[in-house]
Structure formats: C-alpha cells, structure tokens
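Down below is the structure, laid out as structure tokens.
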Amino acid sequence: MMESMYIMIYRQLKRFIRAKSRVVGMILNNILWLVFFGLGWAYTLRGPIASALFRGLDYLAFLLPGIFTTSIFQASFMGGISVIWDKQFGFLKEVLVAPTPRSLTILGRAIGDALVSVVNGLIMLSLGFMLTSHLNPLALPIILVIGLMVALGFTSMGIAIASTMRSPEGFQLIVGLLTLPTTLLSGAMFPLSNAPYWMQLAALVLPLTYAVDLIRFHLVGISFLSSVYWWLTPEIELLLLVIISVILIFIAIEMFKRTTIE
Amino acid sequence: MDIVVENLVKRYGNVEAVKGISFSVKHGETFGFLGPNGAGKTTTIYILTTILKPTSGRAIVAGYDVVREPHNVRRHIGVVFQDPSLDDNLTGYENLYIHGKLYGLNNTLLKERIAEVLKFVELYEFKDKCVKSYSGGMRRRLEIARAMLHVPRILFLDEPTLGLDPQTRIHIWDYIKRLKDEHGVTIFLTTHYMEEAEILCNRVAIIDRGKIIALGSPDELKSIIGNDIIYVRVDNNIDVCSKLSIDGIQSCKTIDGETIAIQVRKASEAIPEILRYLEKAEIKVKEVSYRRPSLNDVFIHLTGREIRDSGGGFIDIVRMRHRVR
Ligand SMILES: Nc1ncnc2c1ncn2[C@@H]1O[C@H](COP(=O)(O)OP(=O)(O)OP(=O)(O)O)[C@@H](O)[C@H]1O
Ligand SMILES: [Mg+2]
C-alpha cells in the first residue's frame, strides 16, 4: 500500500531531476536574488540605525532565513500546477484508475514536491553561508524539518486549488495574486514592527509570517515577532504551523479525491 | 460474465451522452463498440473503468459494481485510454515501473514482467529513452504494454489505433489478437474503424448517439443487409438471369443493360461456378467483381449516415478481371 506513496515521491523527484533547464533556471534565479537584492541592501543598510533595526544583525543575516522560507513557499505553492499538467497530459487518469487509495498517491505527490522545494531553498541557503557568518549551521536539521513542514502545507494548498481547476493559466493567476502579498507581508525582507498596524494584522493572518520568524529564530537566534507580540513564542509558532499544515494536507486529500475527469 | 451493463445512462449537464445501454461480455471474448464520433464510446469506457459515475443504471465489471466497489474493479482491469496517459518526461521503463508499483507488484516480479511486456510490444531496446522521443505508434504500444503489466483479467482499449498509419495499425491488431489467443484476456474495445471491429471482435455493438442500434457477431450484423453481391458484365444484352440456375443463388437482377447483380452466400465459391456456367452457355464475360457488405454498410443501412472512416485501406471491393479468350 505505502508503495504507491513512495512511488509517487519517486516520480516527482525523477521529473524534477529530468527537467534540467528548470533546475538550472531555479538556481540562477536564487543566486541573482540573493546577490543583487541581498548584497545591494546589505551595503545600503549599514550604520547604527540599521543595526538597531535589525537588532545587531547585518541585513544579509536578516534576509537569508526569510528568503529561504519564502523560496520554499513559492516553489511549493506553484508545485500544485503539476496536478493540472497531469490532467492535461493524461497521466492523472493512470493514477485515478489504479487500485490504490487516492489519499496515498496525492500524499506521495505532495511529499515529493515538498522535497523539491526544500532542496531549492537549501541551494539558496548554502550560498548564504558563504556570504555571512551569522547563520548557525547547527540549526540546519531543525530548519530542514520546519522547511519540509512549511513546504508540505503550501504544496497541499497548491494541490487543493489545482484540483478544482482545468487550465494552468487560471492556476498561475491565482498563485500570482496570492504569492506576492504573502511574500511581501511575511517579514522576510523588512521587519514588520515598524509597518502600519493594519499591515501587521494582515501579516499575522498569513501562516508564512510565522514560518519566516521561526526559521529566522533558529538560524540567527532572534525572533522578531515575539518581541512585539509576547504570546508569539517560537513554540507557539511551531504549533500553529503544524496545525495549519495538517489541515491543508487534509483539504488537499479531500479535494483530490473529488477531482473527476469530467 | 466479465462485464454486465444494464440500462446505463450518463448525462453531462443536459447532454445525454449514453442513453440507457445494456449488454454483456463473456470471459475471454473480444467485444467491440463501433460508432462514430460522439457516440458515447469513451463515456462508457470511463464508467466501466470507474473514473466516471453513471447518472443511472448498473455496470458490473469482473463481478463487482463499478460504483459501489470501484477498488475491486480496478484490481482486475487494464486500460488504454483514447487520449495519451503516459508521463512524457520519464522513460518507457520508468513509466512501467511506476505502474507496477501502483498495482502492488513486488520488485522481482515487476522487473520480469517489465522485460516481458516490453519485448511483447517490441520496445525493449527503447526502454531507457524518454517517452517524449517516442513516435505515436510507440507510445500506443507502450500503453498497451503498461495495461498488460499487472496481468488484468479484462482489458479496455479506447480506439487503440486512432490516428496511426496503416502499418502500425496492423501491428497493433496483431498484439491484440495475440493477447486474446495466447493470454485469454477479455477485451472491450471501441473503434470507429469498421475493419478493426471486424478483424478483432467476436461480437460488436454498433452504437450511435448514445444508443446501441445493433449487436451481434460481424457476420450476424452483415446478414442484416444480406450477403455477397457478384457483378458480372457480359458482352451483350442477353437475359442471363433467366438462364442462370446454380445452387446458392439468392437473387439475380440486371442492373443496366450489360451488368447483372447476383446475390450469393459466398462469392468466392460462387464465382467459378458462375463463370463455368456462362462459358458453357457461350456468353462472353467482360468483367467480374464482387462486393462483400461491410459493417459500414450495416451502419448506413441502420442510420442513413456513414461512420467517418479516414483510415483503413480495407479492400471491400475485390475486382477480378476475367479475360475472354
Ligand atoms: N465532459 C463532458 N462534458 C459535456 N459533454 C461531454 C463531455 N464529455 C463528452 N461529452 C459529450 O458526450 C457525447 C459522447 O462523447 P464521447 O466522448 O463518449 O464519444 P465517443 O464515442 O468516445 O466519441 P469519439 O469517437 O469522438 O471519441 C458527445 O456528444 C460529447 O460532446
Ligand atoms: Mg472517444
């Protein structure tokens, strides 16, 4: 039984490795972001004010955990599109007609895609370790686990939405509409504490915000959210993330069970 | 009985694609759905293979109800869908490997089976090539191999040779025949090529606009409109029919002045006799041809329309020139 889940993980990974141009493009994109955006701001934001703003961190050290998390978020969410490609290219029928529970095949797909986006994030992070010495390498195991959970949650969200759609264009539109504000509001690129109050509220609604703060806490040792909201401790953030991811996984399974070929 | 269908109806919104069909398929039989575009063939296959719910009616496949026990149905069937359903980014081998795992085959058995089915469809040398680089015929063969991998009891083939060139088509017919003869698989196939139905099927249901309008063996169906017709062109206007008295002639009439049409049960046997008779009667024969009614004629007879038949090359009119010394 579990075999059918493993084999779907295998398939998603194989497809990822096969798509060489996509892999190279992804890595290049990450490097460009980090160097031009990250280094650019890091050199701009120096001096005592910036130091107070980032609590003694340099901007790169502040940014890297954030970019690691948002890149996982973006890759995972967009990953749902593979469900639509499978509808269009027919492979979905092969899965639907197989004598195996759909919950397992979809879970396998989600795990496979989640692994892919974590690898994507890791490439970026390894670059970060070269650029700044503030990141704690001992935190790697724990942030991988957290990253995987975040990836699973958002992959599931992508799958759930994709399950209801026929065209990749429609899906890309929705992903585009949700990705930009979620990324900007997540606190990955600037600390939320100085943003307008309504913006802070909007940010707190988005699970990505907790993920960014939690991963930053483990990588550089500072939780920016808990200093503003005392109740948002790393433990609470972790709990919230787990709950949200599990809910999203269940929604994805239910939605996928309902997709038909009609 | 491997498939039993009773009053099956499928409505998409207000389009009624399948309008209450009933039929059954015996174990080991090859059963065909022959019908034009939009007849409801694919819809029926989707229902029988459990990926679409019928609006009403009942379908039992391999002894299980497709709506209530889809999981058990799925364990016993192999499907080749009309539209491609391979993963283009993976190799032929990987496609089969994933399939085998989804069907719960263990590794040793799976590897053996993959080699076996790949050799069966003559794709073994191409197993490590990406499916992207396969031709249409190779993809179809790989899909047939995949559907056979887990040794299903019933094989569903939705237009197995659609869009393939005549040579590839004949090749695929050969595989299908061997599956039936050597492996005893029950086969349910759909097609709108009448010669495909004729060559492969024990029984054929002619389906049009969601309804089965005729059902029987190809011979039974053809007998709806009669038997072979022999056309003989003779030298001059003589009343041949009144002189012709051979056993097995069912009717004889003069079409235009020179040509007479003779209806017989089997043209290949009747022609020599007729020629001998005419020679004896010293009637000069200029040309002989015969026409065997096809399932297409049956379809035209029943609906007044043709099944669009873009491919084929099936010779339903065989011309024989008989030179007169
Ligand atoms: N998803 C759908 N929504 C609405 N109508 C549909 C849908 N699928 C099929 N139909 C309609 O149902 C009818 C039967 O379609 P079906 O695909 O079963 O025919 P078919 O016999 O397989 O034809 P073809 O030879 O073109 O494959 C057609 O009129 C078609 O337009
Ligand atoms: Mg069809």
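Just so it is clear: chains get the letters A, B, ... in the order the sequence lines come, proteins before strands, and each one is counted from 1.
- Geometrically, B:Arg169 engages B:Tyr193 in a cation-pi contact, judged by NZ or CZ lying under 6.0 Å from the ring centre and within 45° of the ring axis.
- Ranked by heavy-atom pairs under 4.5 Å with chain B, the first of A:Leu104, A:Thr100, A:Thr105, A:Leu92 is A:Thr100.
- Between B:Asp158 and B:Thr42, the side chains place a donor N or O and an acceptor N or O closer than 3.5 Å (distance only, hydrogens not considered).
- Few gaps surround CZ on B:Phe23; more than 12 heavy atoms of other groups in view lie less than 6.0 Å from it.
- At a 4.5 Å heavy-atom cutoff, the contact between B:Leu86 and chain A is made by backbone atoms alone.
- Of the atoms belonging to A:Tyr6, not a single heavy atom falls under 4.5 Å from chain B.
- Ion pairing of B:Arg139 with B:Glu143 is absent here, as no side-chain N (NZ or NE/NH1/NH2) approaches a carboxylate O to less than 4.0 Å.
- Between A:Asp86 and A:Arg109, at least one side-chain N (NZ, or NE/NH1/NH2) sits under 4.0 Å from a carboxylate O, which counts as a salt bridge.
- Among the candidates A:Lys14, A:Met8, A:Arg15, the residue making the largest number of heavy-atom pairs closer than 4.5 Å to chain B is A:Arg15.
- If you measure heavy-atom distances from B:Glu94 to chain A, the contacts under 4.5 Å come from the side chain alone.
- Comparing A:Ile7, A:Val95, A:Leu96 by how many heavy-atom pairs each has under 4.5 Å with chain B, the most go to A:Ile7.
- Both cation-pi conditions hold for A:Arg11 and A:Phe91: the charged atom is under 6.0 angstrom from the six-membered ring centre and inside a 45 degree cone around its axis.
- Heavy atoms of B:His99 lying under 4.5 Å from chain A belong to its backbone as well as its side chain.
- Between chain A and the options B:Asn89, B:Val73, B:Asp87, heavy-atom pairs under 4.5 Å are most frequent for B:Asp87.
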